[in-house]
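Atom set for the values below is all heavy atoms of this structure, side chains included, hydrogens, waters and symmetry mates excluded. Note on naming: letters A, B, ... go to the chains in the order of the sequence lines (proteins, then strands), and numbering restarts at 1 for each one.
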Amino acid sequence: MELSSKYNPKETQDKWLKFWKDNNVFHAKTDLTKKPFTIVIPPPNVTGILHMGHALNNTLQDIMVRYKRMNGFEALWMPGTDHAGIATQNVVEKQLAKEGKTRQDLGRDEFLKRLWTWKQEYGDTIISQLEKLGSSCDWERTRFTMDDEYSEAVKEAFIHLHKKGLIYRGERIINWCPRCQTALSDEEAEHKEKSGKLYHLKYPLKDDPDQHVVVATTRPETMLGDTAVAVNPKDGRYTKLIGKTLVLPLMDREIKIIKDDLVAAEFGTGAVKVTPAHDPNDFMMGQRHHLPVINVMNPDATINEQGGKYKGLDRFTARKQILADLEALGLLEKIEDHKNSVGHCYRCDTVVEPYLSKQWFVSMKPLAKPASQAVQKGEIRIHPMHWSKVYTNWMQDIHDWCISRQIWWGHRIPVWYDKEGNHFVAKSEQEAKAQAQAKHGKPVELKQDEDVLDTWFSSWLWPFATLGWPKQNNDLKYFYPTNTLMTASEILFFWVARMIMAGYEFMGEKPFSDVLIHGTVRDAKGRKMSKSLGNAIDPLEIIDEYGADALRFSLIINSGQDIFISKEKFEIGRNFANKIWNASRLVFMNCEYGVKRLDPHSLGSHEGGVIASVAKQSFSDDLDINNLDLPSRWIIARFYETMEKVSRAIEEFRYSEAEILIQDFFWGSYCDWYLELIKTKLNDPNIQKTALFVLKNSLKMMHPFIPFVTEEIYSKMNTKDQCLSLAAWPEKEGTLIDQEASKQMQAIIDVISTIRKIRIQWDIKPNQEVMVEIIPDNEVQAGLFKINSAYITHLAKVALSISSEFSTSKDAVFDLVGTVKICMPLKGIIDLEVEKKRKREEIAQKQKSIDGLQSRLSNEAFVSKAPEEIITKEKERLSTLTKEVNELKNVLSNLS
RNA sequence: GGGCAAGUAGCUCAACUGGUUAGAGCAAUUGACUUACAUUCAAUAGGCUGAGGGUUCAAGUCCUUCCUUGCCCACCA
């Protein structure tokens, strides 16, 4: 049977995804005999499709949760999706637009039906895509922020805060998106630096129309709603004019000149038009000076009937028209270039209009206090640390949170109004009616608030609402508080900060202990990946082409502060998975212990039918260190050393480092050295056992990072585990660690690594002794033959593997330097032409170090002040260097 | 304007609380069919650690000033 030597990830993935699902492997129960470990997924939008950010975020979580599961924790990873109010509504509205309809055409109920249908059809896309990554979520528990139970939690939260007086309704200037026709929170309005214009407009004085005050504005269309002009009281230029009346051009409205400290004399002309309905600062001034508030815009940002003849024009058309009209009147003094930042809707990128409207707000100061302290006291740790400063900073001058949205998709605000405008906050219309009846003494008609709540008002409850809150059930008791939250920095304020507030407010306890903030995935040039830039790499495409393991491994190993990715980077992971596969093939092909009966198509089968014998005795870890040769002792010690480092790295959230350690060990030590060294000795049962033992434990260690290949290979081994996902993390076996041997072997490896030339005799037969010289050089010239240095190292490894000295270990290092036996005949005398130049260079380099060390050691200050160990170390270093130089000199003189 | 981070090989990152000769991987260059793997193996070269000043026996690491880049917050009439 022809077997491709290449690992085929697709088959493996499908197989194990099915297995995990069918056996409900990742389901977590309230098991009181075990410690819980809980994380909640940052719920992706139902509209979402998997992008690299998700891939990174979820891989990190999966590593964490798989590691904990293997370490004996009852590990719960709670999955789910977010209804993402505006985003989802937009998607369906676009769909409608194709049919030539608007949501108003359908009406609220019909429109919501469409949304639910859409959600049913497409809402699980992102979930199945996350699954494909290998995410070990408890899929049975998948939650949605608009599930019935979850909606109860949202209402409960609203009512709770309202009772405490932390929710209020008010008329404010908010960020309004004219396209989405809804309010946005401050965080949802993204400010972008734009080069615009600053228009200088002349407002004539009523008493003396030839005189005028010049005001500067970037949004001239708002002048239609001006109700004053303000100057700084200390600004000498205008002292005389304060209190005078101006005539607002185009509208012929009389407005006063007022003084206010808010006005900066240095900016523009020092005089500001005041439009209380269209600017937050102007609104404040308006309140201070009791100015009329004239709203000149409709919700879609066209001019309304307050705008006179401009009624019906779009805000930007109106701007042009107004400027033209003013110019015709000679009232446009000048236009300057001006850089300012303009808010944009984070969903549709429309320019946000500051707009006056009635909204619901949450008072944030009281909630922020415990949340801020939690981080300052270290009760909640944010990693990397410096983000906690950013967090604290933000918490200090937090603004109230506008939570009402004028859309239909979301949690409808649980407030009902009677005809007089009294409002009743309740869980249901019935309850509200009861309240109203109590107030009025008779049944009254009520109408529910039309608005819905901000999406984040539901997702800030995520860590406990997913577990059943407000019900106090066992899940909530057992799994809350959660342990770690993994997220991108973008939603630190949107979500993380608010979850912390909600945790303390509603649960009286922190929602999680650690917050991990990871970088952004960028392209090779450092630009953010985005569809519009066309630089996005589709994770699904990578999974298809390279495999999920490759995607995961490559993403993590590349993650520093930010992650720079290009398609070629995924080869790292693919190659590594392939390497593991092939190393396992080698081991399986040669080991009769511990490998399950193999079918001819699977891993480890061999063309020549090498595996004749199948495991008769099941493999057990009954390794007896006394029977092991030097390389075996070394690889076991190396494994445990690596495993400890990897464990620590995972615990400390240094995942990329863990992967580097793993790669270094498995590829650099196990494959490149151990497997090479044992190739010719694979009929030795002790060597087989060791090879399998280390492979098996390595698979465990690598599993959190690359779950699919490891599962597949592990399943071919004789173990008692149902699957690797449920296996235990390797435990350290002190009796198997021989530090001495390990060091010795390391020394041998170091020696071989420096072998550059070998003196080999003509027609060497197997087991014949040859001289090995340690001479750094690239190529060896020998008469007509050339031997590549690569081949020399290989030869040395092979030689080492059959060297009989090896099994007796102790003196092997020294023997090796002198003599090894070569396993295969070589055609050719390879006589060594030594490059004296190189030698001299090396000597010179070392001499330089010696000089440096000597001068330091003769420095009195150093000797008297430096700690003892440092001095000893340096002395040792000096003597070895001197020795080396002398040896080199010897060799050099022998050569000439 | 306020705050935070980072500048180390061509690129991405290491270097534990200051302590041997600043390390990897990728890319580049050279070479190799070697009974698991060319998705492989082996080797070479590549550095005044952003700049200046200071502290110290000793500075990539600590302090200070400056320069560059990225991020966050606020303001912008």
Checking B/rA36, B/rU39, B/rG19 against the side chain of A/Ala583 (C-beta onward), the nearest is B/rA36
**Request:** Taking only the side-chain nitrogens and oxygens of A/Trp394, find out if one of them lies under 4.0 Å from OP1 or OP2 of B/rC4.
**Result:** no
The nucleotide from B/rU39, B/rA36, B/rG19 with an atom nearest the side chain of A/Arg856 is B/rG19
Between CD1 of A/Ile713 and P of B/rA36 the distance, given in whole Å, is 16 Å
In whole angstroms, the gap separating C1' of B/rC73 from CZ of A/Phe494 amounts to 13 Å
Separation of B/rA24 atom C1' from A/Glu657 atom CD, nearest Å, is 12 Å
Between A/Ala691 and A/Tyr670 the two heavy atoms that sit nearest each other are O-OH, 2.6 Å
Q) Are the side chain of A/Arg574 and the backbone N or O of A/Ala550 linked by a donor-acceptor pair below 3.5 Å? A) no
Residues passing the side-chain contact (heavy atoms from CB on, under 4.5 Å) test with A/Thr218, sequence neighbours excluded, are A/Leu198, A/His338, A/Asn340
| said: Base of B/rC4, side chain of A/Lys389 - is there a donor-acceptor contact under 3.5 Å? | reply: no
Taking B/rU39, B/rA36, B/rC4 as options, the one with an atom nearest any side-chain atom of A/Asn582 is B/rA36
The nucleotide from B/rC73, B/rC37, B/rC13 with an atom nearest the side chain of A/Phe564 is B/rC13
A/Asp672 atom CG is separated from B/rC37 atom P, nearest whole Å, by 15 Å
Give a yes/no answer on whether the side chain of A/Lys579 brings an N or O atom under 4.0 Å of OP1 or OP2 in B/rC41. yes
Across all chains, not counting sequence neighbours, the side-chain contact (heavy atoms from CB on, under 4.5 Å) partners of A/Asp279 are A/Arg219, A/Asn281, A/Asp282
Output field dot_bracket for RNA chain B (Watson-Crick or G-U, both distances under 3.5 Å, | for other-strand pairs) contains (((((((..((((.....[...)))).(((((.......))))).....(((((..]....))))))))))))....
Looking at A/Thr269 and A/Val214, would you say the former's side chain and the latter's main chain have a donor-acceptor pair under 3.5 Å?
yes
Rounded to whole Å, the CZ-P distance (A/Arg574 to B/rU39) equals 7 Å
Margin query: If you compare every side-chain N and O of A/Asn575 against the phosphate oxygens of B/rU40 (OP1, OP2), does one of them come in below 4.0 Å?
Written below: yes
Whole-Å distance, A/Gln396 CD to B/rA74 P, equals 14 Å
Rounded P spacing from B/rU12 to B/rU17 in Å: 24 Å
The answer to which of A/Ile557 and A/Gln663 contacts RNA chain B further toward the 5' end, by nearest nucleotide, is A/Ile557
Under 4.0 Å, heavy atoms only, any strand: does A/Pro867 hit a base, just the sugar-phosphate, or nothing?
base
Checklist entry - Can A/Glu641 and A/Lys645 be counted as an ion pair, charged N to O under 4.0 angstrom? => result yes
Numerically ordered, the residues 219-232 of chain A set in heavy-atom contact under 4.0 Å with RNA chain B is none
Contacts of A/Arg522 meeting side-chain contact (heavy atoms from CB on, under 4.5 Å) (sequence neighbours excluded), chain-then-number -> A/Thr520, A/Lys528, A/Asp562, A/Phe564
Between the CH2 atom in A/Trp667 and the NZ atom in A/Lys579, the distance rounded to the nearest 0.5 Å is 5.5 Å
query = Quantified in whole Å, what is the C1' atom distance between nucleotide B/rU29 and nucleotide B/rC37?
reply = 24 Å
Comparing A/Glu874 with A/Ala861, nearest RNA chain B nucleotide closer to 5' gives the residue A/Glu874
Review point. Counting only heavy atoms not in A/Lys202, do more than 12 sit closer than 6.0 Å to its NZ atom?
Key: yes
Sequence neighbours excluded, the answer for side-chain contact (heavy atoms from CB on, under 4.5 Å) partners of A/Ile871 is A/Leu857, A/Phe862, A/Ala866, A/Lys875
Q) Are A/Glu712 and A/Lys716 close enough, and set up right, to give a salt bridge (Lys or Arg N to Asp or Glu O under 4.0 Å), and what steps lead you there? A) CA-CA 7 Å; A/Glu712 177 64 18; A/Lys716 305 291 181 201; 3.8 Å; yes
Which is true for A/Val274 with a 4.0 Å heavy-atom rule: it touches a base, it touches only sugar-phosphate, or it touches nothing? nothing
A/Glu868 atom CD is separated from B/rA58 atom P, nearest whole Å, by 19 Å
